[in-house]
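Counting starts at 1 for both ligands and their atoms, in listed order.
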Amino acid sequence: MEYLKFEEQVNALLKKMSLREKVGQLNQQVGPCNEEDMKRLKDAVRKGEIGSIIMAHSATAGNDPQQSINMKMYEELQRVAVEESPNRIPLIYGRDVIHGHHTVYPIPLAMSASFDSGLIQQCYRCVAKEATADGIHWTFTPMLDLCRDPRWGRIIEGPGEDPLVGSKLSEAVVKGLQGEDISKEDSLVACAKHFIGYGASEGGRDYHRTEISDYSLYNYYLPAFRSAVNAGVATVMSSFNDINGQPVTSGYHYLTEILREQLGFQGFVISDWDAVHQLIKQGVCETEAESVALAIEAGVDMDMADGHYINHLEESVHSGAVPMDVVDQAVKRVLRIKFTAGLFEHPYSNKETLDKKEHLKIARQMAVKSMVLLKNDNQILPLKKSQKIALVGPFVDERRALLGSWTLDGCAEETPTLLETMIDKIGKDRIFLNKDLNGLYDNTVETAAQADVIVLALGESEKVTGEARSLSDITLSKDQIELIKTAKFTGKKVIGVMFCGRPIAMEGIAEYLDAILYAWHSGSATANAVCDILFGDAVPSAKTPITFPRRTGHIPLYYNVTSSGHYVNGYYNENPQYSYNDSLSSPYYPFGYGLSYTTFLYTDLQCKNKTLSIEEIKKGKKYTVAVTIRNTGDYDGEEIVQLYIHDKVASVMRPLRELKAYEKVFLAQNEEKQVVFELGKDELGFYNSQGEYIIEKGEFEIYVGSNCLTENKCSIFII
Ligand code: BGC
């Protein structure tokens, strides 16, 4: 009910507003670039025809360089709104601050690899402080699109393939951005996007159609949004895609019946950029006026960028095509958020001073905890600071790619390179360089001859990730694969540091590397975090939040699959003989996988109470599952202990493994701890195709271990 506490003010204001002004509140326009834009926007704001401005200039702000925010212009437009517009309603300024503002944190997919909600929340608190200081009130974050297809460029913006990881990320980001009190000056209004199913874009092609069964929608695609709503997210963005032929922008079932009525969302919905107009291209209406009627009646309250609401909504109300009450409800939702976010009290930028050094420190911690150690044969890592290192590859000197896509305000020039941070760490005398990639592999051989080990800086640029940046082949470039082989043939040990946005297809790459540190695009502190891990100043702990396939052709490949009736597919398709005739189709690295410099031993898995009745579970009784973990290696370290369930017999096929709980534990050398999980109604049921949550009787296998392939299990029974 948080968003209903200003009802009196909202109703009083609504009464005074003309229809034109009401429609204005539902209109989001693109920000000014020059004086001409300013004049046009000021006139419109003065008349009350604009409710919000997006601080961007193109539809794909994640890829196109954007102008930095011109505070003078925005403050002036706000002044006009609060001093000269008919009812003095402040504008709400929105910008895509996806994984950092000036200080850039790892891409959300990488942050998800940390399984560390507390730290993620802390990062987004810093993001909110930096963004509000630049006059931003609202950001289009978190992006919560569950995705099983790493060809899709936008996979970097979200949580990966698991609904629980998505739900935890969602809660952490919303709480971090909106803070404890959304009305405070340093709180940023969050927007859960893209509702819903965009991550299922067919073939990983951006903006494509999706086919999603109701069962999958409820069990996979919705949980992260449910979690955002429960965490109090103030706004939601509808998605571009259609589901089974129904564009979401005109989908009453999705935006009203599911989002508002079933999930209980009380904030307002904004369309995606130009999406109202796109209803015409999607072929569900002919005219702009019709697109407006479809969108607002479906539940899109605010129209982003295309101007259709402001151009047609008044006329549609007059003609009776759109009932006045539909407009009033939408306006009320927008006003509620403006009141609740404190915009009437503090319409301008947050004037608090920032501690950017502290933000960078947190960014470095986050980057360290996001990087996954995929391979470490013969414990070649960590390196000794006295070792001589051949530093080779196209990412040795790279800055921009490390920040990742969707970093509108991050500064590449201020982002240290791997070379710079390595010099800081071990001095330049021990580093032998070869940055050439143009066929001069013989240089690599020569460089390597002088060194003890080779560190290859590999990856993909930010330009092949993000919006409208999908790939049909997700392996490394041919040049880099050649380089890896050349390095291997020198006979030296080879460490691959991979700066990528998505999981890449590892076949033909990983075999040639002795160690692999998957560094992602981890933001401002990427290179520092890599050196912290390479030289043992930090111990890696992250786990893959998404399956790494061997080949692109294996997509989709995800861990929470059901069992095949035939013997063709074992769990995860691991049957070597039958899945594909031309390759082994099990994952290269499974979900939840990642190494540490130390080792952990799991013992004594027990389910303390093995049997409960459905009635007891519905009343809140829980099973208690305990496991003991011991650090058996030579380093202190953190382990992400994962609990999966398998509902063995149910009315519909249930996944062979479903992550239901996890905990990150720190263990000093030789230390032992017991980790206790509780399993109750939230973990043991599922949604049927009607969206009803049900719990069924029977045996559940409980797996607890260090990734989804663990065989460490016990059973519980629901009677
Ligand atoms: C994207 C959104 C983004 C919006 C505004 C759209 O093209 O799909 O995620 O928030 O642009 O930049």
Within ligand 1, which atoms have a heavy atom of Phe140 less than 4.0 Å away? 10 (O)

Can you find an N/O atom of Ala61 closer than 3.5 Å to an N/O atom of ligand 1? no

Going by the order shown, which atoms of ligand 1 are within less than 4.0 Å of some heavy atom of Lys193? 2 (C), 3 (C), 9 (O), 10 (O)

Does ligand 1 have a heavy atom under 4.0 Å from the side chain of Met143, from its backbone, from both, or from neither? neither

Ionic contact status for Arg79 with Glu76, cut-off 4.0 Å: yes

Looking at ligand 1, does any of its N/O atoms fall within less than 3.5 Å of an N/O of His194? yes

Applying a 4.0 Å heavy-atom criterion (strictly less than), which segment of Arg154 is in contact with ligand 1: side chain, backbone, both, or neither? side chain

In terms of residue, atom name and distance, what is the protein heavy atom nearest to atom 10 (O) of ligand 1? Asp96 OD1, 2.6 Å

Parallel, tilted or perpendicular, judged at 30° and 60°: which one describes the rings of Tyr198 and Trp152? perpendicular

Can you tell me how the ring of His137 sits relative to the ring of Tyr93, calling it parallel under 30°, perpendicular over 60° and tilted otherwise? parallel

With a 4.5 Å limit on heavy-atom distance, are the side chains of Ile155 and Ile546 in contact? yes

Any Ala56 heavy atom less than 4.0 Å to ligand 1: no

Glu467: numbered ligand 1 atoms lying under 4.0 Å from its heavy atoms: 1 (C), 6 (C), 7 (O), 8 (O)

Geometry only, no angles: is Thr60 polar-contacting ligand 1 at N/O separations under 3.5 Å? no

Please confirm whether Phe240 approaches ligand 1 to less than 4.0 Å, judged on its heavy atoms. yes

Return yes if a side-chain donor-acceptor contact under 3.5 Å exists between Thr249 and Gln278, otherwise no. no

Do Gln246 and His253 have side-chain heavy atoms sitting under 4.5 Å apart? no

Going through the distances and angles, do Tyr558 and Phe591 end up as a ring pair (Phe, Tyr, Trp, His ring centres under 6.0 Å)? CA-CA 8 Å; Tyr558 49 94; Phe591 174 85; over 10 Å; no

Purely on distance, is any nitrogen or oxygen of Asp272 under 3.5 Å from one on ligand 1? yes

Spacing of CG belonging to Leu343 relative to CG belonging to Leu91, to within rounding of 0.5 Å: 9.0 Å

Is it true that Glu75 and Ser349 share a donor-acceptor pair across their side chains at a distance under 3.5 Å? yes

May I ask you to identify, for Ile54, whether its side chain, its backbone, both or neither come under 4.0 Å of ligand 1 on a heavy-atom basis? side chain

